[in-house]
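Take a look at the structure set out below.
Whatever order the structure lists them in is the order used to number ligands and atoms, beginning at 1.
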Amino acid sequence: NADMRGIFSALLVSYNEDGSINEKGVREIVRHNIDNMKVDGLYVGGSTGENFMLSTEEKKRIFEIAKDAAKNEIKLIAQVGSINVYESVELAKFATELGYDAISAVTPFYYKFSFNEIKDYYNTIIDSVDNRLIIYSIPFLTGVDMSVEQFGELFENEKIIGVKFTAADFYLLERLRKAYPNHLIYAGFDEMMLPATVLGVDGAIGSTFNVNGIRARQIFDLAKEGKIEEAREIQHITNDLISAILSNGLYATLKELLKLSGVDAGYCRKPMALTTDAQVEEAKNIFDKYVK
Ligand code: HMN
């Protein structure tokens, strides 16, 4: 599974003002990530794609557009998780047939599922396809925390090859790294990429790489080479950028920054709000300072 290491952008999706998918915009975002941000891959259908607000058909359409626009130049991961596990299976089959290199699924959320239910969810999804699966763990949004032992139980299924670890728990990250040296671990918080890389993650999946992919790779490579001070300088600039983005609204600002780079990134989808004039103005300042 070493082919899946590296820097993956969590793909933003361009929506029209009425909430429909802006296909041309999605293609441009894919190409911008490949041609300008030089990412190794894309994570399609994640939180960043505003995925949990979409219909099954829309999710499929985004998988198709991303696959087509990427032209086999990079690795593709399809996030198919949903609390409708039958939808997840359908999406896993669809993405596998399209040729996605791996699938991923968020831990089922909203209801307080037991660990056995979560395990059954993952096995149901991955056993329905000839593919590999990456667990998507993001406790601050899902409320689902799993222990080192529970990750181990999921990894008993050989098709479950790793985890996207979107958490600030570096103790747990270190324990996972030691316990499962042959599984893939992706850092999920871009602002903590340096410490995660020092602890030995195999890659990173992040929303801000859509606009900051070059610096993200520098942090990752420098840290792997042990050049910690140089990596830290770039993490500092990166985090000035990320703090500014988060204060101005994450997805809306990322889209405005893409627009300023000439990419038709469109709007966010309801119930997310349309971008205000003040946000657009602030995005220009952020662009001039950190992205241009
Ligand atoms: C996804 O599911 O689309 C992303 O992989 C999620 C990714 O981990 C991002 N998390 C969220 O947006 C909740 C991060 O890149 C995050 O946006 C960034 O670190 C800023 O906090």
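Ion pair K270/D18 not flagged as a salt bridge, since none of the NZ, NE, NH1 or NH2 atoms sits closer than 4.0 Å to an Asp/Glu carboxylate oxygen.
At least one N or O atom of T48 sits closer than 3.5 Å to an N or O atom of ligand 1.
For D190, heavy-atom contacts with ligand 1 shorter than 4.0 Å involve the backbone as well as the side chain. Residue contacts with ligand 1 for I245 are absent, since no atom lies close enough (heavy atoms, distance under 4.0 Å). Heavy atoms of I138 found under 4.0 angstrom from ligand 1 belong exclusively to the side chain. By the criterion of a heavy-atom distance under 4.0 Å, the side chain of K164, and not its backbone, is placed next to ligand 1.
Of all the atoms in ligand 1, the ones that sit under 4.0 Å from a non-hydrogen atom of F189 are 19 (O). Shown in contact with G206 at under 4.0 Å from a heavy atom are these atoms of ligand 1, numbered in order with element: 15 (O). Atoms of ligand 1 lying under 4.0 Å from any heavy atom of T166, numbered from 1 in the order shown and given with element: 8 (O). Every atom of ligand 1 with a heavy atom of L250 under 4.0 Å away is listed here by number and element: 12 (O), 17 (O). Interface of I205 with ligand 1, defined as ligand atoms under 4.0 Å from a residue heavy atom, comprises 5 (O), 8 (O). For ligand 1 and A10, the ligand atoms under 4.0 Å from any heavy atom of the residue are 1 (C), 3 (O), 4 (C), 5 (O).
For E225, the CD atom sits in a packed shell: over 12 heavy atoms of surrounding residues, nucleotides or ligands are nearer than 6.0 Å. D3 CG: more than 12 foreign heavy atoms inside a 6.0 Å radius.
Of the protein's non-hydrogen atoms, the one nearest atom 19 (O) of ligand 1 is E191 OE1, 2.5 Å. Taking atom 12 (O) of ligand 1 as the reference point, the nearest protein heavy-atom neighbour is Y251 OH, 3.1 Å. Nearest protein heavy-atom neighbour of atom 7 (C) of ligand 1: G188 O, 3.5 Å. Nearest non-hydrogen protein atom to atom 16 (C) of ligand 1 is S207 OG, 3.6 Å. For atom 2 (O) of ligand 1, the closest non-hydrogen atom of the protein is Y136 OH, 2.6 Å.
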Stepwise salt bridge (Lys or Arg N to Asp or Glu O under 4.0 Å) check, K227 with D221: CA-CA 9 Å; K227 297 180 179 160; D221 288 351; over 6 Å; no
Y43/S104 under side-chain hydrogen bond (donor to acceptor under 3.5 Å, both in side chains): CA gap, chis, key distance, verdict: CA-CA 9 Å; Y43 189 82; S104 180; 2.8 Å; yes
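Between the side chain of T276 and the backbone N or O of Q279, at least one donor-acceptor pair lies under 3.5 Å.
Aromatic ring centroids of F165 and Y186 lie 6.0 Å or more apart.
A tilted orientation is assigned to the rings of F155 and F151, their planes being inclined by 30° to 60°.
Side-chain contact, T166 with Y136: no donor N or O sits under 3.5 Å from an acceptor N or O. Side chain to side chain, N212 and D190 fail the donor-acceptor criterion of an N or O pair below 3.5 Å.
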